[in-house]
Trainee: 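Sharing a structure, written as structure tokens. Questions coming.
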Amino acid sequence: MSDAATWRPVADAIALPNPVVTINRRGRTPSGPLGDDYSLRTEIEDLHHVLDSLGTPADLFGWSYGGLIALEVAVDRPELRSLTAYEPVCAPFAPAAIPAVRAAIERGDPDGAVRLVNTDVSGFSAEYVEALRQSPVWEVLRPLTAPLADELAAIDAHIPSWDRYRTPASPVTLLLGELNPGGEPYGAAFDRIAAALPQARVELLPGQGHLAHAEAPELLADRIAAAAAR
């Protein structure tokens, strides 16, 4: 439920001398659709392609689904300078919500899909969703629902490379919102991933949940820059 434009405030605030490249993954304009036989492997191969095209070692950052993709790529890229993942997700990840989300998308109901991903997946209250619906953000989220069911299904079908997560040679930082430890779905997924990465530095984002890029972009940018600088 995000694209490169959503992350512009974070990218602009990252105080590092190197360029910042933000990817519009498949399903987001101007990139193409997810394609046939879409899976997490599709995203992994796309990210490898982007990193190859840069032609220089990178500091890699991923959020949520992007965090899982980044982790899976990092185990095969020892040249990465650093890896930072903000609340990466993994299976099981709200599998019961996928049929309802898919049904909403198939009947052309993006409003219903936005509501479901906020209530049945992310666990936000009905009051939160109503306030969100009255904000300009709602119109940004509606078109981002198109690939959502397939992306959720890809997360739930993927078995992470648990035994290889200890192998990345680059420093690893895991960021967790202060409001989410142990909670479903983000805190529980974070705990599973953190357990597989005992070498990682774990940091809490004060006062934040899963949406620091929207609610505290400068704070998140500072943490990303600090992790890369280390």
Side-chain angles (χ1 to χ4, degrees), residues 1-7 22-47 62-73 85-161 177 180 183-193 209-211 213-214:
M1 299 286 289
S2 183
D3 60 8
T6 311
W7 281 83
T22 312
I23 300 171
N24 274 308
R25 293 191 298 101
R26 292 171 185 245
R28 290 141 185 83
T29 304
S31 297
L34 300 188
D36 297 334
D37 301 320
Y38 173 79
S39 70
L40 198 105
R41 175 54 53 184
T42 309
E43 300 282 3
I44 291 169
E45 291 173 356
D46 284 351
L47 182 51
W63 164 69
S64 198
Y65 185 23
L68 176 61
I69 297 164
L71 284 164
E72 293 291 307
V73 165
Y86 169 28
E87 295 194 355
V89 298
C90 63
F93 187 73
I98 296 173
V101 171
R102 189 179 299 281
I105 294 167
E106 290 178 349
R107 68 173 178 266
D109 181 13
D111 295 303
V114 174
R115 177 181 57 79
L116 285 165
V117 75
N118 278 281
T119 56
D120 293 23
V121 177
S122 297
F124 292 124
S125 67
E127 291 76 16
Y128 172 89
V129 174
E130 183 55 33
L132 185 67
R133 186 162 193 156
Q134 301 306 315
S135 76
V137 175
W138 192 268
E139 289 304 313
V140 175
L141 295 176
R142 292 176 81 251
L144 293 172
T145 61
L148 185 59
D150 288 338
E151 290 178 338
L152 288 170
I155 295 169
D156 216 51
H158 182 74
I159 300 174
S161 305
N180 283 346
E184 290 287 354
Y186 303 111
F190 183 93
D191 288 345
R192 292 192 291 274
I193 288 174
H210 195 61
L211 304 175
H213 63 291

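This structure is a prediction, so every number in the text was calculated from the model and none was measured. Scope of the values below: all heavy atoms of this structure, side chains included, with no hydrogens, waters or symmetry mates.
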Trainee: Val129 versus Trp138: any side-chain heavy-atom pair under 4.5 Å?
Mentor: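 Sidechains of Trp138 and Val129: in contact.
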Trainee: Say you draw a straight line from OG1 of Thr42 to CZ of Arg26; how long is it, rounded to the nearest 0.5 Å?
Mentor: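 So the OG1 of Thr42 and the CZ of Arg26 are separated by 5.5 Å.
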Trainee: Ignoring hydrogens, what is the shortest heavy-atom contact between Leu47 and Val73? Give both atom names and the distance.
Mentor: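 So the minimum-distance heavy-atom pair works out to CD2-CG2, 3.7 Å.
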Trainee: Applying side chain to side chain contact (heavy atoms under 4.5 Å, CB included), name anything that partners Arg28, two or more places apart in sequence or on another chain.
Mentor: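 Asp3, Asn24, Arg25, Leu144, Pro147, Glu151.
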Trainee: Under the side-chain contact (heavy atoms from CB on, under 4.5 Å) rule, what do Glu43 and Leu68 come out as? Steps first, then yes or no, please.
Mentor: CA-CA 10 Å; Glu43 300 282 3; Leu68 176 61; over 6 Å; no
Trainee: Go through the structure and list residues passing side chain to side chain contact (heavy atoms under 4.5 Å, CB included) with Thr145, not counting sequence neighbours.
Mentor: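 Applying side chain to side chain contact (heavy atoms under 4.5 Å, CB included) to Thr145 gives Met1, Pro110, Ala113, Val114.
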Trainee: Is any side-chain heavy atom of Val121 closer than 4.5 Å to a side-chain heavy atom of Leu148?
Mentor: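 No - every pair of side-chain heavy atoms lies 4.5 Å or more apart.
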Trainee: Quickly, which of Leu34, Asp36, Leu40 forms a side chain to side chain contact (heavy atoms under 4.5 Å, CB included) with Tyr38? Name it, please.
Mentor: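 With Tyr38 as partner, side chain to side chain contact (heavy atoms under 4.5 Å, CB included) holds for just one option, Leu34.
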Trainee: Are a donor atom and an acceptor atom from the side chains of Tyr128 and Thr119 found within less than 3.5 Å of each other?
Mentor: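 Per modelled atom types, Tyr128 and Thr119 side chains form no pair under 3.5 Å.
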Trainee: Do the side chain of Glu72 and the main chain of Ser161 share a donor and acceptor less than 3.5 angstrom apart?
Mentor: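 Indeed, once roles are kept as given, a pair shorter than 3.5 Å links the two residues.
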Trainee: Assign the ring pair Trp7 / His213 to parallel, tilted or perpendicular, where the plane angle (0 to 90°) is split at 30° and 60°.
Mentor: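 Ring orientation, 0 to 90° scale: parallel.
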Trainee: Just how far is it from atom CG of Asp120 to atom CG of Leu152, taken to the nearest 0.5 Å?
Mentor: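 Asp120 CG to Leu152 CG: 11.0 Å, rounded to 0.5 Å.
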Trainee: Using every non-hydrogen atom in the two residues, find where Pro160 and His158 come nearest and quote the distance to one decimal.
Mentor: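 Residues Pro160 and His158, closest heavy atoms: CD-O, 3.4 Å.
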Trainee: Side-chain donor-acceptor contacts of residues 88-108 below 3.5 Å, not counting sequence neighbours, with atom names and distances?
Mentor:
unit_1: Arg102; atom_1: NH1; unit_2: Asp150; atom_2: OD1; d: 2.8
unit_1: Arg102; atom_1: NH2; unit_2: Asp150; atom_2: OD1; d: 3.3
unit_1: Arg107; atom_1: NH2; unit_2: Asp109; atom_2: OD2; d: 3.3

Trainee: Can you tell me how far the OG atom of Ser135 sits from the CG atom of Leu141, to the nearest 0.5 Å?
Mentor: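 Those atoms lie 7.5 Å apart.
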Trainee: Ala85 and Gly67: which non-hydrogen atoms are nearest, and at how many Å?
Mentor: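 Shortest heavy-atom contact: CB-CA, 4.3 Å.
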Trainee: Below 30° counts as parallel, above 60° as perpendicular, anything between as tilted: where do the rings of Tyr186 and His210 land?
Mentor: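 Tyr186 vs His210 ring planes: parallel.
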Trainee: Quick one, Ile23 with Asp46, criterion side-chain contact (heavy atoms from CB on, under 4.5 Å). Give me CA distance, side-chain angles, the key distance, then yes/no.
Mentor: CA-CA 10 Å; Ile23 300 171; Asp46 284 351; over 6 Å; no
Trainee: Do you know which two heavy atoms are closest between Tyr86 and Gly177, and how far apart they sit?
Mentor: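 Scanning both residues completely, I find the closest heavy atoms to be CE1-N, 4.3 Å.
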Trainee: Under 3.5 Å, side chain of Ser122 to main-chain N/O of Phe124, donor-acceptor pair present?
Mentor: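 No: the side chain of Ser122 does not pair with the backbone of Phe124.
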